[in-house]
Amino acid sequence: MKHRIILGLNALIIMTLFVAFTPTSTIKAQTSPDFEISKNLEILSALYKELNTNYVDGINPSDLMKTGIDAMLDKLDPYTVYIPESEIEDYRFMTTGEYGGIGSLIHKQGDYVIISEPYENSPAQKAGLKAGDKILKINDKSAFGKSVEDVSAILKGQPGTSFKLLIERQGEPSPLTFDIVREKITIDPVPYYGMVEGSKFGYIKLSSFTQTASADVKNALLDLKAKNNLSGLVLDLRDNGGGLLTEAVNIVNLFVKKNELVVSTKGKQKDKNRSYQTSMEPVDANIPLVVLVNGNSASASEIVAGALQDLDRAVIVGHRTYGKGLVQNVFPLSYNTQVKITVAKYYIPSGRCIQEIDYAHRNAAGVTGNVPDSLITAYKTIHGRTVFDGKGIAPDVETDSSRLSTISYNLITKYILFDYATNYASSHPTIAPAGNFRLSDDDYNNFIAFTEKKGFEFKTVAEKELETVKKAAIYENSWDSMKSQYDSMQEAIAQHKKKDIMENKPEIEDILQQEIASRYYYQKGRIESTLSDDPELKSAVKVLNDSATYTSILDGTLTKADKQSKPNKSLN
């Protein structure tokens with residue numbers, strides 16, 4: 001026992017002396033973040049080599065490493081991502097709106113990829129491709145079973161290069177061959193602008209914040225002003241997921257005087273702490289302005305809507321926005337790869353950050369949550385209106401939420417509406433202008449017959465819940481006593497489903513008219529066909545038509561109670 005105590009004391013003394021005489025700089029180095037990074041990189045490299053040498057089966061080093069990188073970045077936020085060389089063009093397209101290819105949307109339907117919608121004046125459209133065309137072969141190689149990603153990678157390429165497509169088209173007795181030359185495809189960030197029918201108000205649809213977004217919005221605004229007695233403007237940012245921050249600042253500048261703060265960013269690195277102000281004289285600082293937003297309006301869209309709200313320059317109409325208050329920069333890596341990293345949070349003029357999800361804090365299961373209500377802070381606009389951080393941009397005028405019916409969702413996702421539009425276009429050489437095109441009752445009855453011929457079936461939420469009840473009853477041995485009630489409810493649901501296609505006729509007709517209009521007038525036609533029955537646009541026009549209400553919203557004299565009590569319901 002005495003011998004063990006002596007040995008223990010000797011060991012303790014040796015350890016104490018080692019620590020005492022180890023240079024402080026060495027201890028600090030071994031506990032510094034740089035040391036941790038170096039140590040773990042060595043571990044990763046050693047592990048990688050051992051796997052490659054000893055794993056029982058062959059491994060794909062690139063795939064394995066990408067999986068590891070993606071899993072690592074998944075611990076951060078969904079916007080910090082690794083960009084392999086194969087995806088560089090896709091990310092370049094997101095900022096420039098340009099790529100080399102044929103200019104068409106595609107989707108997978110069954111065993112083949114289908115042409116969804118050629119862009120107007122694109123190589124696809126000029127070659128004669130149509131929505132609904134099934135891609136059978138590419139350069140004499142079968143496209144059977146190919147994914148959308150596989151086909152897209154082949155269709156894209158260097159402008160000036162060519163390839164051959166073999167297409168199956170409805171109504172054609174045999175496949176068609178097309179020789180297509182790739183071109184530089186530029187996606188217009190302003191796919192449509194014009195006057196709202198029956199009004200003196202302009203309308204501009206902005207779909208992305210690429211490098212030409214502000215210039216294109218400016219040109220659209222100047223054209224509307226030159227050709228019309230413009231009394232107001234609706235800027236539509238619905239379903240716009242964002243893009244370049246500088247373009248958002250420039251678009252705000254079209255409507256706001258010079259030297260106004262639009263947005264500031266704050267990050268860990270000092271060079272990320274920046275303020276962005278308007279730098280030019282505006283195109284029109286006084287025109288009444290309404291901005292349309294929804295839950296898919298994010299990032300740069302929220303900067304524009306939030307800055308114009310904080311500066312009391314525009315009335316925001318629609319639904320609460322996405323809530324993305326983070327800024328990303330792209331950094332080059334080795335071998336033509338890149339990484340997009342969240343480097344800062346942004347703050348709009350009132351000082352609020354509208355980031356909704358708190359990625360910095362996760363529960364024990366690694367799940368993130370929204371910024372809690374207890375931490376939501378009130379801020380003030382220029383005229384003293386109260387606005388809040390942490391949950392996106394709340395509209396000044398919130399419109400009724402329109403949830404897509406179950407039957408419409410299934411008609412879309414099972415491509416029944418798409419296929420009927422293909423069928424319709426094959427037998428109708430022309431249709432009325434997109435804004436005036438309407439299906440007749442006979443057309444809708446033909447559509448119903450088409451769905452029956454297709455064997456269209458879908459399950460309602462009630463059916464799914466009923467199946468859950470049946471499984472629980474069987475598990476609890478109570479099924480025999482419940483079976484007759486189950487059968488009765490199932491029959492009732494079946495009868496109601498038969499009526500769904502008529503009860504939801506207005507909604508289904510609207511979607512179908514948009515799909516058909518796109519076959520003749522492309523993306524502009526699709527947008528134009530929605531405008532006459534657009535509830536958010538109607539709300540925007542009502543606000544612009546009521547100058548007293550418009551002014552009182554922006555100066556803060558119209559309270560929430562006033563909005564709810566307005567007899568004409570112009571704010572609903």
Side-chain angles (χ1 to χ4, degrees), residues 91-101 103-105 117-122 125 183-196 201-228 230 232-256 258 262-263 276 278-285 287-294 296-308 313-314 434-435 518 521-528 530-531 534 537 540:
Y91 277 87
R92 186 174 291 124
F93 165 66
M94 291 173 64
T95 57
T96 64
E98 297 179 349
Y99 68 96
S104 177
L105 300 176
E117 185 177 320
Y119 300 141
E120 190 171 11
N121 297 319
S122 67
Q125 189 254 335
E183 296 178 12
K184 183 175 80 171
I185 307 300
T186 302
I187 305 300
D188 192 345
V190 179
Y192 178 83
Y193 71 90
M195 296 298 291
V196 178
F201 308 131
Y203 170 89
I204 299 175
K205 172 68 177 176
L206 180 65
S207 60
S208 62
F209 286 82
T210 51
Q211 291 174 345
T212 65
S214 59
D216 289 354
V217 172
K218 179 180 180 179
N219 291 337
L221 176 58
L222 290 173
D223 192 46
L224 288 170
K225 288 170 67 72
K227 296 177 180 177
N228 306 279
L230 207 60
L233 180 70
V234 179
L235 178 62
D236 191 349
L237 299 181
R238 290 174 297 178
D239 301 314
N240 184 328
L244 298 175
L245 181 148
T246 51
E247 288 302 295
V249 175
N250 292 339
I251 287 171
V252 172
N253 198 169
L254 298 176
F255 308 101
V256 173
K258 189 177 179 180
V262 175
V263 63
Y276 296 83
T278 53
S279 58
M280 301 171 288
E281 294 302 325
V283 172
D284 196 326
I287 188 171
L289 178 63
V290 169
V291 178
L292 296 180
V293 295
N294 65 9
N296 294 322
S297 303
S299 192
S301 289
E302 294 175 291
I303 291 175
V304 172
L308 292 172
R313 178 61 187 89
S518 74
Y521 304 108
Y522 305 96
Q523 190 180 19
K524 288 181 180 178
R526 185 185 290 276
I527 295 170
E528 194 171 2
T530 68
L531 299 182
D534 186 333
L537 182 57

- Item | Rounded distance (nearest 0.5 Å) linking atom CD of Gln211 with atom CG of Asp216 | 11.5 Å
- Task: Drop me the distance from Lys258's NZ to Met280's CE, to the nearest 0.5 angstrom.
- Result: 9.5 Å
- Note on the structure: Nearest heavy-atom approach of Tyr193 to Val190 is CD2-CG1, 4.2 Å
- Item | Minimum-distance pair of heavy atoms, taken over all atoms of Gly241 and Ser299 | O-CB, 3.8 Å
- If we only count heavy atoms from C-beta on, is the Asn219 to Asp223 side-chain gap below 4.5 Å? no
- Message: Walk me through whether Leu244 and Thr95 qualify under side chain to side chain contact (heavy atoms under 4.5 Å, CB included).
- Response: CA-CA 7 Å; Leu244 298 175; Thr95 57; 4.1 Å; yes
- Task: Just do the side chain to side chain contact (heavy atoms under 4.5 Å, CB included) check on Tyr276 and Leu245 with the steps written out, would you?
- Result: CA-CA 9 Å; Tyr276 296 83; Leu245 181 148; 3.6 Å; yes
- CG-CG distance between Leu292 and Leu237, expressed to the nearest 0.5 angstrom: 8.0 Å
- Item | Exercise: identify the closest heavy-atom pair between Glu120 and Tyr521 | OE1-O, 4.5 Å
- What are the two closest non-hydrogen atoms of Gly202 and Leu230, and how far apart are they? N-CD1, 3.3 Å
- Message: A side-chain contact here means heavy atoms from C-beta on lying under 4.5 Å apart; do Thr96 and Thr210 qualify?
- Response: no
- Message: Using a 3.5 Å distance criterion without hydrogens, assess whether the side chain of Asn250 forms a donor-acceptor pair with backbone atoms of Thr246.
- Response: yes
- Item | Least distance between heavy atoms, Pro191 atom then Lys205 atom | CD-O, 3.3 Å
- Message: Does any part of the side chain of Asp236, heavy atoms only, come nearer than 4.5 Å to the side chain of Leu206, both counted from C-beta?
- Response: no
- Query: Is a side-chain donor or acceptor of Asn240 paired with a backbone partner of Ala298 at a separation under 3.5 angstrom?
  - Reply: no
- Task: With the side chain counted from C-beta on, respond yes when Thr212 and Thr186 share a heavy-atom pair under 4.5 Å apart, and no when they do not.
- Result: no
- Item | Point-to-point distance, once rounded to the nearest 0.5 Å, from NZ of Lys225 to CG of Leu233 | 9.5 Å
- Report yes if some heavy atom in the side chain of Phe209 is under 4.5 Å from a heavy atom in the side chain of Ser301; otherwise report no. yes
- Query: Between Arg92 and Glu98, is there a side-chain N and carboxylate O pair less than 4.0 Å apart?
  - Reply: no
- From Val262, Leu308, Ile251, residue fulfilling side-chain contact (heavy atoms from CB on, under 4.5 Å) relative to Val256: Leu308
- Item | Minimum side-chain heavy-atom gap Met195-Lys227 below 4.5 Å | no
- Message: Does Tyr203 form a side chain to side chain contact (heavy atoms under 4.5 Å, CB included) with Leu224? I'd like the steps, not just the answer.
- Response: CA-CA 9 Å; Tyr203 170 89; Leu224 288 170; over 6 Å; no
- Item | Asp188 and Lys524 ion-paired at < 4.0 Å | no
- Message: The criterion is side-chain contact (heavy atoms from CB on, under 4.5 Å); which residues satisfy it with Tyr119, sequence neighbours excluded?
- Response: Tyr99, Leu105, Ser122, Ile185, Ile187
- Item | Nearest-0.5 Å distance that lies between atom OH in Tyr192 and atom OG in Ser207 | 14.5 Å
- Item | ring pair (Phe, Tyr, Trp, His ring centres under 6.0 Å) partners for Tyr522, two or more places apart | none
- Note on the structure: Nearest heavy-atom approach of Val217 to Ile204 is O-CD1, 4.0 Å
- Value rounded to 0.5 Å, distance of CG in Leu254 from CD in Glu281: 12.5 Å
